[in-house]
Structure formats: C-alpha cells, structure tokens
Amino acid sequence: MLENKDQSRTSIAQLGEFGLIEHLTKHFTISQESTLKSIGDDAAVLDFKDEKAVVSTDLLIEGVHFDLAYMPLKHLGYKAVVANLSDICAMNATPTQITVSIAVSNRFPLEALEELFEGITLASKIYNVDVIGGDTTSSQKGLIISITAIGTVKLDAVAYRNGAQVGDLLVVTGDIGAAYMGLQVLEREKQVFQVNPNNQPDLEAYTYLIERQLKPEARTDIKELLEKLEVKPTSMIDISDGLSSEVLHICKQSGVGCNLYEEKIPVDPQLISVCEEFNLDITTIALSGGEDYELLFTINMNDYDKIKANPNLTVIGHMTEAKEGNHLITRIGTKIPLKARGWNALQEE
Ligand code: ADP
Ligand code: MG
C-alpha cells in the first residue's frame, strides 16, 4: 500500500486545506449542460429545465465499508462513485453530477489522495458526470468518503420501489453473486499474505470475480435500453445488499408477494466453479452476496416479448398477491420462504 512505501511521500499538512483542495480538484472538467456553476464558489448551481432532480448519498468508513489491505485507493475511488451512480440508475434516472467529501488522517500522504482521486476522475469521465463540489477535512483515524450523486429523469419515467403489481415479471440485469465471491477470494489471499508476505498470489482463476468486487460498474445503460425496447419498469431497485433483500424491499413497499425461481438466477460460470472450490452454495451466494450493482425491476407481463431475447435481462420470477408470501422455488420444485440475509449475515456464518 502507498502509505507504507516511503519513497516520495508528500505530507498533506505541507499543502494546507486550500492547497490540498486546489490540488485534488484542478483536473475536473465540466461536460454537463446542466452544470451552471461548479467547484470554487460557496455552492454549485444546476439547471435541469423540465427534468426532475434525483439525489442520493453514501458514506464509506475505512474498516467498516472497505479495507485498504486489498482495496487499492484508485479502485476505492472508482467504486465509491459507481455505488452512488447505481442508486441514481435504480430510479430509472441518468446521473449527471457528483460531490465528493473526504476526511483523512495524516497517515495518508498526498500521493494516496491522488490515487483516490484518480479513481474518482476515471469514473466521472467514463460515466460522464461532473464533480461539482465536496468538502475536505481531517479525521483522527482512517479515511472517510462521502459521495452524493445527482441525476435527472422525466417525471413519467421515474421508477420507485413501490410500483410492482400482481402478475408483473421480476427482471434482473447482468449476473449476480460474483462481487461477493471476489471478496471471499481477496480475504483468503489477505490471510495467506499475513502468514507469508512473500507469497505471490495466483489469481488467474478469479479475475472476473475480483474485478466485480474491486471495479464494479453502474448500469447506466439500462434506462436507455428499456426506452429503446419501449418498456417502462413498474418498480426498480439496485442490488447492493443482495438479491433476496432487494426483492423483499420491492415486495414490501409494493404490497405484493413473489415467486423467485432458483434455476433462473443468472450466474457467471466462474462463480459456479469457485463456489465449488470454496464449498459454498451458489444460490445462497447469489441471493445474499451483495455489491453487484445490477438492477432489479418489475415489468408488466405484456412486455415479456420485448425483453425476452435481450442478453442483459433475465426474468427470474413474478409478483403474486401479498397474502401468498415471498418464495424461492428451488430447482427440484420445492417452495421455500425467501429470507433477507444480507452480506453481513453471510459474513458471520
Ligand atoms: P467552504 O468553506 O465553502 O466549505 P471549501 O473551501 O471547503 O468551501 O471548498 C472550496 C470549493 O472546493 C467548494 O466549491 C467545494 O465544493 C470544493 N471542494 C472542497 N473539497 C472538495 C473535494 N474533496 N472534492 C471536490 N470538491 C471539493
Ligand atoms: Mg468546506
């Protein structure tokens, strides 16, 4: 890690708060028409004309939400942005701006913050969002990052968690469970490293899983795809805590039940083989893993033909009357109650 490599560390105290802000933010460029005033004043000014503004924020604490032992700072910056953009996507909105607030202890040299901001800059370029402000302060211990994402959506397109109807199909984007298994692989390598620091890990067999954990992507493409297919999602949520937990959020808020089919859950082949190696149940990982940042949404049954051929979208179940409950239909046809066991519950097993 950077903080341990002594060569050319620059203490952040040398720059002072304003020098640091200036240094970290000087490369940000503006590309959104809606950004009227960005970094440099007391507040940013935005103009969304006839669209609605969507706002979401997240707080990430070192040691709680990330571990710098295996999370490079550049990846951390990238992922922190992606996680927030994913929340905007989950409203069926388009992200346009972010703010970035950090609290750092003097344990971090300037070079470490530069790496963090490299990741933030990369994500903001790839997703075409403007960094329009933030706050920079010191912390007694560790690194704290808070990102706020802003996006826009036409009022008639916005998708809430509470819009699912009985009979709607439940759809998921991409594949799920991989990010959690990537974390398991990294945790194992960290332990091996602690015993034998000279051990060079061979991670060839785990590249997809690790990438999903360290460099997740936000599904900014889905809003456009659904528009093109002329499908309006009736409800939507992003998968940050795990599929079952997110399905239950939609069910509860929409006042419906659901049948989710185990055999339909999309998983990557690498997840299957690594689950075998770790002796873990694939469905448990897919249901409870989290951090996939895929989207989960419901559509009217009549829209099935429009989406069925699309490789990005998989129908995994349908919504029922609330009184029928929330169920997982297993491969052998058994009906078991769907439980929200998030990431944390899995960790404690
Ligand atoms: P104030 O005293 O009004 O809070 P600051 O001196 O903290 O202003 O910030 C100056 C400008 O730099 C503001 O536009 C602020 O939004 C921006 N800024 C501060 N820290 C960050 C950061 N970590 N990332 C992006 N912009 C930042
Ligand atoms: Mg400030």
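Model, not experiment: these values are computed from the prediction. For ligands, and for the atoms within them, numbers begin at 1 and follow the listed sequence.
Other residues, nucleotides and ligands contribute only 12 or fewer heavy atoms inside 6.0 Å of the CZ atom of F193.
Shown in contact with I39 at under 4.0 Å from a heavy atom are these atoms of ligand 1, numbered in order with element: 12 (O), 14 (O), 17 (C), 25 (C), 26 (N). Atoms of ligand 1 found under 4.0 Å from any heavy atom of G133 (numbered from 1 in listed order, with element): 16 (O), 24 (N), 25 (C), 26 (N), 27 (C). Atom numbering of ligand 1 starts at 1 in the shown order; those under 4.0 Å from a heavy atom of F18 are 6 (O). Within ligand 1, counting atoms from 1 as listed, the ones closer than 4.0 Å to a heavy atom of D41 are 13 (C), 14 (O).
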Quiz prompt | Audit row: Y206, E277, side chain to side chain donor-acceptor pair (under 3.5 Å) steps and yes/no | solution = CA-CA 11 Å; Y206 313 104; E277 182 192 333; 2.8 Å; yes
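Taking distance alone, with nitrogen or oxygen atoms compared against 3.5 Å, T136 approaches ligand 1 more closely than that limit. Checked by distance only, ligand 1 and V100 come closer than 3.5 Å through their nitrogen or oxygen atoms. At a 3.5 angstrom cut-off on N or O pairs, I21 does not count as close to ligand 1.
Comment: K26 does not engage E22 in a salt bridge, judged by the lack of any side-chain N to carboxylate O separation of less than 4.0 angstrom. A salt bridge links E62 to R107: at least one charged side-chain nitrogen sits closer than 4.0 Å to a carboxylate oxygen.
Take E118 and apply the salt bridge (charged side-chain N to carboxylate O under 4.0 Å, His left out) test, not counting sequence neighbours, and it matches K74.
Relative to atom 27 (C) of ligand 1, the option among S101, A43, S146, G134 with the closest non-hydrogen atom is G134. Across D135, I102, T137, I147, heavy-atom proximity to atom 4 (O) of ligand 1 is greatest for D135.
Contact check for Q184 versus Q213: no side-chain heavy atoms found under the 4.5 Å cut-off.
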Cut-off 3.5 Å, no hydrogens considered: what does the side-chain donor-acceptor table look like for residues 159-171, sequence neighbours left out?
| residue | atom | partner | partner atom | Å |
| --- | --- | --- | --- | --- |
| D168 | OD2 | Q165 | N | 2.8 |
| D168 | OD2 | T234 | OG1 | 2.7 |

